[in-house]
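Data block below; observations after.
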Amino acid sequence: MSEYDARGKVNRALLICVGDYRHLRPLPAVKDNAEELERVLIGPGTDLFAKGEVRVCRPQEPWEVEQALDKVTAEARGLLLVYFSGHGWVGSDGGNLQLMVGASEPRHKTVSWQDLVLRYLANARADRIVIILECCYSGNAAETFSPSRLPMSLLMAAQPNRRIFSGEERDKVSVFTRAVVKVLRGGIPGKRFVAFDDLVEALRAELADERTPMGDAWVPRSAKQNTTDDVILSFATPEGRPRTPLRVRLRRRLNLFLRHWVRLLLILAIVFVPATGGIVLLNLPGEPPACRPALELRLLTAPEDETALRQAAFAYEMSAANTRPLAGEGDYADGCRRAQITVYSAAKDQIDQGFAAAARWQGEAQGTGGGDAADDKGTDPLYRPGPQPDLWIPESSADYDEARRAMPAGGSPAALHNTGPVAYTPLVVGIPANKRLDDVEQGAAIWRDLLTGTDADHRNLKLLRPSPVLSGTGLLHTIGLYLAHDGVALGSAGTAPDPGVADDAESRLSAPGSQYAGSTELLCSLRPDAGAAAGATAGSGAAARSAPLVSEKSLADFNLGRATGSCPARSDPLPLRDRYAAYYPKNVPALDHPLIRVAWRGAADATARRAAVDRFAQWLRDPDGGQRILVAQGYRGVPGEDGAMPQPAKGSPLLDSRTETDPQAPVVPFTADPDQVAEVLDGYDKAQKSSQLLILMDTSTSMADGGKLPVAAAAAGRALEMVGAHHTYGLWTFPDRARPDDPDAVHKAVRLGTADPASGRAALARIAGGELVDHGAAMEEALTAAVRTMKQAKGTNNAIVLILDQDDGGPRRAAGVEKTLTGLLKDGPDVPVLTLSMGRSGCDTFALQWLAGASKGRCVTGSPGAPDQLAGFIASIGTAAKGDR
């Protein structure tokens, strides 16, 4: 393996240490961590960082961390090392790691690992980034250590869901940091230097005798992204170390000279040039005026649009529109950011629930509670969707109408103001490029003809739609199916959908696993190189037999090989045989991505926030501002001053013929009445039949390794959000704590037929808190019991959600188990098994592929996006009322 040597480059280290807390217990040992680590980093043995390249930060407020990250990410060109030591906190499901600063308390004034730290690091200019986290639950950081463009290495002090003792030791330096310093200062016997992987192994050996507060082994963890090589962190060695190469020493001297030459020239100018105007004040390079903390705006959006809007938000933060001083704002120096924008996303149903429970949302954010659990079904908006938004950009105005309809009639602390679209995206139906439809106009296809052209008598393509409950794309496609079936423009306000048309449409779309949480995950499941890992049944040829109902942008990204859902980017576009041709349903409204300003009652800085949102909205619609960013991402622009809808402009990927889209296809504005949206959803609800879900969850101790348990618990919790009066559930776990040696035994934590999700949430909280069984999990035995029960259960819409790490029952499995399970799956009625595989091989095993095919189910590989992906499949269970359509 090659190693990255950063000696002589422009390196930076940021050491964030918090020992004093206002609301949490102090961590006295953390106070000296920074000085001790700084000494070893700039020491001659380490030989990487020069004096002045290491910055210490002891933040009391979150903005201090942001400023420090902003500075080091802008300066570092070689190695960037970011270290945090302090308290860490996670939500009840183990997700959303928060780093605690001096003023922090749970849920408030925290630094989000995912939304803040990773956001800054993703825009760094360094060659390599190394992050070291020493805090409770540091291992949970791996859950959201999602790919970015930069090579990053992450060292976590302990395994997931573990508290640690660091910071409370009697010694001046915490246990973990003391071990890090020892390795970096002394080196490793037999090694010429200490690389990242060497450090991880050495720390595991150093901490082998330590225990966490739960009494189990203290095991540091690591993760990498976008790199196969290693990075050197110290050149110390117990053996004789060779002298630093001459080229490195010369480079350091050159860097030192370049750093100070401008300053020296200015000083000489002051000395030799007569001052005629009294005192000359100079603002020397490298010493900009101090900037006030920027106003934080929180932008909530759909998962499909998060990446593009994050890029737009970052571009705005650095633009002149956000950094030039304005009249009346003299306290902001030129070049200082007035606003910074945090972008985050959630599924449509979770956003609806958040605004419906706005009183609780605001109360929890302020620490005062608020809201009646009986009214909002016990939802926790602060966990999901997340923080209170200042602006919301849904996929379409239909989402906005639905959110407003869900808000309490008696008033809400949140007021939603629709300021209009910021981009458009037509809806399309993807037809395999080698199965184009005869006599159907691609740029204006009537839905009636699309249904006929893909039915069993013609192309026999399976129509796949994102869930109208979870996805704005799915909702708008459903509106088009119901209201523009014959290609005529949407009727007058109040025109209800024809029940016969709705029933006919759903008869083609209803099948187990036919729905997804969004366009991108749907398309990811169909990409040929994703296979079973993305949820498709490997070898099934699903892509060639499917017609996805998606957005133009997502289809273009798919065909070009861009990152799609959980599928990473390809090096080149898909070959023609694997692409989909875009067919544009006639008179179906496009996604219009409206910008919704959210005003919260009682906010002290409401005027400033409104002005900041308005400035960002204006920039997003500016042809020379945000429109350039969005168009380059594959969106259509907004109308200009003449009111005409613009065609894709220069820089748009839609101009690439390999997208198989039609840049000339018209964009239909959204004109549906809010009552029509409600009637469409009502018609969709009536098409669903009662369903019953059995969640079967592996609770062996191996689930706690590698950040698997938080994802598994979040997926089970997301499944609970899909239940209700007509959609009941049960929760079983295996192995059974009372009978761990009995492979056939399961623990019935929540009885089958339960409608209230509270019981399931309580059981999941106990599991996430460490209620695991130290014994192998026999999947086939537990699944046999579950399938037998569901085959005998009432109703025809029964399904099993199987969440497991790996099947440990093979060596001691009775010979007849596989035969029994196979026979049960073949017998009617169908019971789809929707599997979330947390194991190393994901869904790419024969057993899981066979299970998905035999049960007519699906398989999803564990990832941060897995809970919503699984929820999309669960949403289709109640619609399978006419068999496998």
Side-chain angles (χ1 to χ4, degrees), residues 1-16 34 37-57 67-84 117-133 145 147-155 180-181 183-185 187 191-200 222-237 241-263 285-286:
M1 179 185 295
S2 61
E3 292 87 12
Y4 175 75
D5 181 354
R7 285 181 297 180
K9 299 186 178 182
V10 180
N11 304 321
R12 291 292 184 270
L14 174 61
L15 311 181
I16 307 169
L37 194 53
E38 182 180 22
R39 275 193 290 270
V40 73
L41 289 178
I42 65 175
T46 306
D47 203 25
L48 278 175
F49 295 93
K51 192 171 183 179
E53 290 186 333
V54 179
R55 176 172 181 157
V56 175
C57 177
Q67 283 195 344
L69 283 170
D70 196 30
K71 185 174 181 63
V72 296
T73 52
E75 294 175 349
R77 297 295 184 273
L79 172 63
L80 172 58
L81 172 67
V82 177
Y83 161 92
F84 173 81
V117 178
L118 286 181
R119 176 166 66 93
Y120 273 94
L121 295 181
N123 292 290
R125 302 170 69 182
D127 293 336
R128 295 291 189 281
I129 298 175
V130 174
I131 310 121
I132 301 177
L133 298 180
F145 193 50
S148 73
R149 59 185 178 83
L150 292 174
M152 296 189 191
S153 302
L154 170 64
L155 171 58
V180 172
V181 167
V183 177
L184 295 181
R185 178 178 286 146
K191 300 279 188 178
R192 295 181 296 112
F193 43 71
V194 180
F196 177 83
D197 289 341
D198 298 328
L199 175 62
V200 175
S222 64
K224 290 183 178 181
Q225 64 178 26
N226 299 326
T227 179
T228 56
D229 63 359
D230 209 344
V231 54
I232 299 173
L233 298 179
S234 173
F235 283 87
T237 174
R241 185 170 70 83
R243 192 180 183 190
T244 303
L246 177 62
R247 59 180 175 78
V248 173
R249 286 182 278 133
L250 291 175
R251 188 188 297 165
R252 283 177 175 160
R253 291 176 183 173
L254 179 62
N255 287 341
L256 183 64
F257 173 76
L258 291 175
R259 191 184 308 166
H260 297 295
W261 75 274
V262 174
R263 185 185 300 272

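This is a predicted model, so every value here is computed, not measured.
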task = Going by the side-chain contact (heavy atoms from CB on, under 4.5 Å) test, name the single residue among Val82, Leu81, Leu154 that passes it with Ile132.
result =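 By the side-chain contact (heavy atoms from CB on, under 4.5 Å) criterion, Ile132 pairs with just one of Val82, Leu81, Leu154: Leu81.
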Can you tell me how far the [atom1] atom of [X] sits from the [atom2] atom of [Y], to the nearest 0.5 Å?
| X | Y | atom1 | atom2 | value |
| --- | --- | --- | --- | --- |
| Arg39 | Leu184 | CZ | CG | 14.0 Å |
| Arg128 | Asp5 | CZ | CG | 11.0 Å |
| Glu38 | Lys51 | CD | NZ | 8.5 Å |
| Ile232 | Leu199 | CD1 | CG | 13.0 Å |
| Leu79 | Phe49 | CG | CZ | 4.5 Å |
| Asp230 | Asp197 | CG | CG | 4.0 Å |

Flag side-chain contact, heavy atom, 4.5 Å: [X] against [Y]:
| X | Y | answer |
| --- | --- | --- |
| Thr237 | Arg192 | no |
| Val130 | Leu155 | no |
| Ile131 | Phe145 | yes |
| Leu80 | Val72 | yes |
| Leu121 | Leu150 | no |

What is the minimum heavy-atom distance between [X] and [Y], and which atoms define it?
| X | Y | answer |
| --- | --- | --- |
| Leu14 | Ala68 | CD1-CB, 3.8 Å |
| Ser153 | Val231 | OG-CG1, 4.3 Å |
| Phe193 | Ser234 | CB-O, 3.2 Å |
| Val10 | Arg12 | CG1-NH1, 3.7 Å |
| Gly78 | Lys9 | CA-CB, 4.0 Å |
| Ala50 | Ile42 | O-CG2, 3.9 Å |

Flag, side chain of [X] to backbone of [Y], donor-acceptor distance under 3.5 Å:
| X | Y | result |
| --- | --- | --- |
| Arg77 | Ala74 | yes |
| Asp47 | Phe235 | no |
| Asn11 | Arg7 | no |

task = Take Leu48 and Leu41 through the test side chain to side chain contact (heavy atoms under 4.5 Å, CB included) and record every step on the way to the result.
result = CA-CA 7 Å; Leu48 278 175; Leu41 289 178; over 6 Å; no
inquiry  = For a side chain to side chain contact (heavy atoms under 4.5 Å, CB included) check, start with the C-alpha distance between Val117 and Phe84, then their side-chain angles and the critical distance, and finish with the verdict.
reply    = CA-CA 11 Å; Val117 178; Phe84 173 81; over 6 Å; no
ask   = Would Asn123 and Thr73 count as a side chain to side chain contact (heavy atoms under 4.5 Å, CB included) if you check the C-alpha gap in whole Å, the side-chain angles of each, and the deciding distance to 0.1 Å?
value = CA-CA 7 Å; Asn123 292 290; Thr73 52; over 6 Å; no
